[in-house]
Number of protein chains: 2
Amino acid sequence: MLAGVTIDGSLRERKKRQTRQSISDIATRLFLERGYERVTIAEIAAAAGVAKMTVTNYFPRKEDLVLDIAEEFVALLARAVAERPAGEPVRDALRRRYAEAVARREAAVGFAGEPFVRLVEDSPALAARLRELFDLRERALAAQLAAEPATAGDDLTARLVAAQLAGAYRVLFAEAFRLIRAGHDEEQVAGILAEAGARAFDLLATAGD
Amino acid sequence: MLAGVTIDGSLRERKKRQTRQSISDIATRLFLERGYERVTIAEIAAAAGVAKMTVTNYFPRKEDLVLDIAEEFVALLARAVAERPAGEPVRDALRRRYAEAVARREAAVGFAGEPFVRLVEDSPALAARLRELFDLRERALAAQLAAEPATAGDDLTARLVAAQLAGAYRVLFAEAFRLIRAGHDEEQVAGILAEAGARAFDLLATAGD
DNA sequence: AGCATACATGGGTCCGACCTAAAAATAGGC
DNA sequence: GCCTATTTTTAGGTCGGACCCATGTATGCT
């Protein structure tokens, strides 16, 4: 409790992770088979062999069963800025980080299987949750920029710059989904996005520093 | 029917508008009194003296009862671009239109009473709907830009530029809400926004043309 | 005036979100 | 190893929003 780090190897922790993973896997399978809105929480619980409330405990909202990378997704840009080498302009750091994410086929920039892409884009609830995540990402970046020496104190400018930069990432994410839906394979998508990313960041004014 | 313009003075049309307006007014009053989530559709229907389904017929989603300016809100930017004088750069048109909207205290750029602002921002459902409207606004602008001679054919660039421009409007809208919540009166808000708008558009690269 | 259309009604279903009390499982002290 | 405190899971329920249907009623058109 005090030493809250009840090591993640404890029986309790392990079982929790197992239960969580099992629920998530079963839910994903059902969603891909039949579509997001046509699977109910009760069905997932039944299929996973747990109580309805257990599903809700692990995933407060149904959308969380699908979009389970929230933390990483939201923090991506703020982290890239915070961890950049001293003296590097913000825009350069984000351009670099984007290229890296594409090279690594990271989900946070839009890499996913076609069925998953369709699942998310065809469901109003999931699309709404994705918008919310983009919004949180932009806010996190704005907070980080406001804490930077260069922008310090000027919150409005920080928010404006964050909107420009996060906006580029968001459009590129949508482009990734579009390409995947159009049937391009991962390698093609990566190639096109690398070039699109370069163009996107060239378009941006040298804002931030 | 064929000459579908069954003039809006017909009895049927008038009654429809009355019913709609009456439901909307009563709903707004209840929401401001008790908060969005603590008023049910059934209560609104009862207070308005109509059937539950009638409320649903006019306002398919509960959020529509509050955010009833969707069409105007969504079209604002695309329209400003479409209707600008020949030869005027896109960015200039939007800068001009923003100043005009502020001068006119238009709701589409964030002018509203403080209770209304709190109502919207404190409700997850309404905040989500607002995000959706911003998204639709950006898409409408992107579509308009893609149809412009200068950007024609390059959809990705159109989407990137639209994100930058619509992003500025979105941040300025949030700033308006923030100022209103902080207790500034309409005149103060207008003054601050006029200046903030100028800064926001200065920050943007000369994109679009 | 009469007929087709469109609107409103009431009665229902379904599901996600949430609650509560109690049961089951585990961790830690002894 | 046992007992107790804590955490996790369970069962069964309420509530509200979205939706559907058949029916009734009012309006517009000819």
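What's counted below: heavy atoms across the whole structure, side chains too, no hydrogens, waters or symmetry copies. Computed from a prediction, not measured in an experiment: that's the story for all the values here. Throughout, protein chains are lettered first and strands after them, A, B, ... in sequence-line order, and every chain is numbered starting at 1.
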Should [X] and [Y] count as an ion pair when the cut-off is N to O under 4.0 Å?
{"X": "B:E71", "Y": "B:R79", "result": "yes"}
{"X": "B:R20", "Y": "B:D68", "result": "yes"}
{"X": "B:E43", "Y": "B:R38", "result": "no"}

Rounded to whole angstroms, how far apart are [atom1] on [X] and [atom2] on [N]?
{"X": "A:R61", "N": "C:dA17", "atom1": "CZ", "atom2": "C1'", "answer": "12 Å"}
{"X": "A:Q18", "N": "C:dA25", "atom1": "CD", "atom2": "C1'", "answer": "14 Å"}
{"X": "A:L65", "N": "C:dC15", "atom1": "CG", "atom2": "P", "answer": "16 Å"}
{"X": "B:E43", "N": "D:dG17", "atom1": "CD", "atom2": "C1'", "answer": "13 Å"}
{"X": "A:E63", "N": "C:dA17", "atom1": "CD", "atom2": "C1'", "answer": "11 Å"}
{"X": "A:R14", "N": "D:dT8", "atom1": "CZ", "atom2": "P", "answer": "15 Å"}
{"X": "B:R20", "N": "C:dC7", "atom1": "CZ", "atom2": "P", "answer": "13 Å"}
{"X": "A:N57", "N": "C:dT20", "atom1": "CG", "atom2": "C1'", "answer": "13 Å"}

- Message: Can you tell me how the ring of A:F73 sits relative to the ring of A:F173, calling it parallel under 30°, perpendicular over 60° and tilted otherwise?
- Response: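 Perpendicular, since the angle between the ring planes exceeds 60°.
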
- Message: Using 30° and 60° as the class boundaries, would you call the ring planes of A:F201 and A:Y98 parallel, tilted or perpendicular?
- Response: tilted

- Task: Pick base, sugar-phosphate or nothing for A:T56, based on heavy-atom distances below 4.0 Å to the nucleic acid.
- Result: nothing

- Message: Within the 4.0 Å heavy-atom criterion, would you say B:F59 contacts the bases, only the backbone, or no part of the nucleic acid?
- Response: nothing

- Query: If only side-chain N and O atoms of A:Y58 are considered, is one of them under 4.0 Å from the OP1 or OP2 phosphate oxygen of D:dT9?
  - Reply: yes

- Task: May I ask you to evaluate whether B:T54 reaches the phosphate of C:dT9, defined as a side-chain N or O under 4.0 Å from OP1 or OP2?
- Result: yes

What side-chain donor-acceptor pairs closer than 3.5 Å can you find for residues 105-117 of chain A, not counting sequence neighbours?
from: A:R105; atom 1: NH1; to: A:V102; atom 2: O; distance (Å): 3.3
from: A:R105; atom 1: NH1; to: A:A103; atom 2: O; distance (Å): 3.4
from: A:E106; atom 1: OE1; to: A:R97; atom 2: NH2; distance (Å): 3.1
from: A:E106; atom 1: OE2; to: A:R97; atom 2: NH1; distance (Å): 3.3
from: A:E106; atom 1: OE2; to: A:R97; atom 2: NH2; distance (Å): 3.3
from: A:E114; atom 1: OE2; to: A:R118; atom 2: NE; distance (Å): 2.9
from: A:E114; atom 1: OE2; to: A:R118; atom 2: NH2; distance (Å): 2.7

- Query: Can you list every pair that meets ring pair (Phe, Tyr, Trp, His ring centres under 6.0 Å) and has a residue in residues 34-69 of chain B, with sequence neighbours left out?
  - Reply: B:F31-B:Y36

Would you tabulate the pairs of protein nitrogen or oxygen atoms and nucleotide nitrogen or oxygen atoms of nucleotides 11-16 of chain D closer than 3.5 angstrom?
from: D:dG13; atom 1: O6; to: A:K52; atom 2: NZ; distance (Å): 2.9

